[in-house]
Amino acid sequence: MAEEYKEKIQNWNTESKEGVDILADKYGNPDEITNSQVIWYNNGPWAKTVVYEARDDHHFPMKHTDFVEQSIFYYVTSDKFTELAEFDGSVTCKRTAGMISAKCHDEEANFLALNLAHDINTNKKTVEEARNYYVQAMKDYRAKKDVPYMQSLQFEPLKKQESQYLDQELVKKEELDEIEESNK
């Protein structure tokens, strides 16, 4: 698998290739490889890690590109979606699947984003406080200071069955099948 992933990404941009190599050194060979992404499942604290060949330009907290997406099982209340989007557009939630993801340039920034998203979701920080903390944490990290929020998750991710929001069934599948059948 190691040679296969190296071969598949040989024409990728340098940043994304380096991202794959760093994560492969830490988590071993990827579980899936395509021409545009490399994927690990259940690696470390992550339910899923994806490195994309394509990068997204992002200007918070400084100009950089996002290409490493890491996801955990986590429950976000519906009233917090807007706040999380205001905090960082690279933090995304899939409510039905019960997942939250951060997509940045490295794992340390993803830890930081998800720890702060957790603080927002649990009312420990406002959006403004989280954004200010993010900037200071980045400065401290670059100054080689200890930044626990960038080293690991500061909370325990959930199990999939604990994080999903399955919503409410308002119509039975059988009723829809009957309607479809009667209109044939």
**Item:** Fellow cluster residues of I39, listed by chain then number, with links counted only when side-chain atoms sit under 4.5 Å apart
**Value:** Y41, V50, Y52

**Request:** Looking only at non-hydrogen atoms, find the nearest pair between P157 and F155 and report the distance.
**Result:** CD-O, 3.5 Å

**Fill in**
Heavy-atom closest pair (C93 atom, L84 atom, distance to 0.1 Å) is SG-CD1, 3.7 Å

**Item:** CA sep, side-chain torsions, deciding dist, call: D57, K63, side-chain contact (heavy atoms from CB on, under 4.5 Å)
**Value:** CA-CA 7 Å; D57 290 330; K63 289 184 180 182; over 6 Å; no

**Request:** Carefully, step by step, assess D21 and Y5 under the rule side-chain contact (heavy atoms from CB on, under 4.5 Å).
**Result:** CA-CA 10 Å; D21 288 338; Y5 96 76; 3.0 Å; yes

**Message:** Tell me which pairs pass side-chain hydrogen bond (donor to acceptor under 3.5 Å, both in side chains) where either residue lies in residues 131-141, with sequence neighbours left out.
**Reply:** Q136-D140

**Prompt:** Can you tell me if N13 uses its side chain to pair, donor with acceptor, with the backbone of E53 under 3.5 Å?
**Reply:** yes

**Request:** Check for a donor-acceptor pair, side chain of S16 on one end and backbone N or O of W12 on the other, with a separation under 3.5 Å.
**Result:** no

**Asked** Just by modelled atom types, is the S152 backbone N or O under 3.5 Å from a matching donor or acceptor in the Q154 side chain?
**Response** yes

**Request:** Identify which one of V127, D119, T82 satisfies the side chain to side chain contact (heavy atoms under 4.5 Å, CB included) criterion when paired with F87.
**Result:** V127

**Request:** Determine, step by step, whether K103 and V91 satisfy the side-chain contact (heavy atoms from CB on, under 4.5 Å) criterion, reporting the C-alpha distance in whole Å, the side-chain angles of both residues, the deciding distance to 0.1 Å, and the verdict.
**Result:** CA-CA 7 Å; K103 185 178 181 186; V91 171; over 6 Å; no

**Message:** Does D146 form a side-chain hydrogen bond (donor to acceptor under 3.5 Å, both in side chains) with Q151? I'd like the steps, not just the answer.
**Reply:** CA-CA 9 Å; D146 188 39; Q151 296 168 359; 2.5 Å; yes

**Request:** Check whether any side-chain N or O of S182 sits under 3.5 Å from a backbone N or O of I179 as a donor-acceptor pair, and report yes or no.
**Result:** yes

**Message:** If we ignore hydrogens and angles and just use 3.5 Å, is the side chain of N121 paired with the main-chain N or O of A117 as donor and acceptor?
**Reply:** no

**Prompt:** Got a sec: does the NZ of K80 have more than 12 other heavy atoms crowding it under 6.0 Å?
**Reply:** yes

**Request:** Looking only at non-hydrogen atoms, find the nearest pair between H105 and V68 and report the distance.
**Result:** O-CG2, 4.0 Å

**Complete:** Between S101 and E69, the two heavy atoms sitting closest are CB-OE2, 3.6 Å

**Prompt:** Taking all atoms of both residues into account, what is the closest heavy-atom pair of G19 and F67, and its distance?
**Reply:** CA-CE1, 4.2 Å

**Prompt:** Who passes side chain to side chain contact (heavy atoms under 4.5 Å, CB included) against T34, sequence neighbours left out?
**Reply:** S36, Q37

**Request:** Run the numbers on W46 and E107 for side-chain hydrogen bond (donor to acceptor under 3.5 Å, both in side chains), then give the verdict.
**Result:** CA-CA 10 Å; W46 311 111; E107 183 170 55; 2.6 Å; yes

**Prompt:** Would E181 and K184 pass as an ion pair if we require N to O under 4.0 Å?
**Reply:** yes

**Asked** side-chain hydrogen bond (donor to acceptor under 3.5 Å, both in side chains) between T96 and Q164: does it pass, once the steps are laid out?
**Response** CA-CA 5 Å; T96 302; Q164 294 177 293; over 6 Å; no

**Asked** Do NZ/NE/NH1/NH2 and the carboxylate oxygens of K172 and D177 come within less than 4.0 Å?
**Response** no

**Request:** Please indicate whether E128 has more than 12 foreign heavy atoms, meaning atoms of other residues, nucleotides or ligands, lying under 6.0 Å from its CD.
**Result:** no

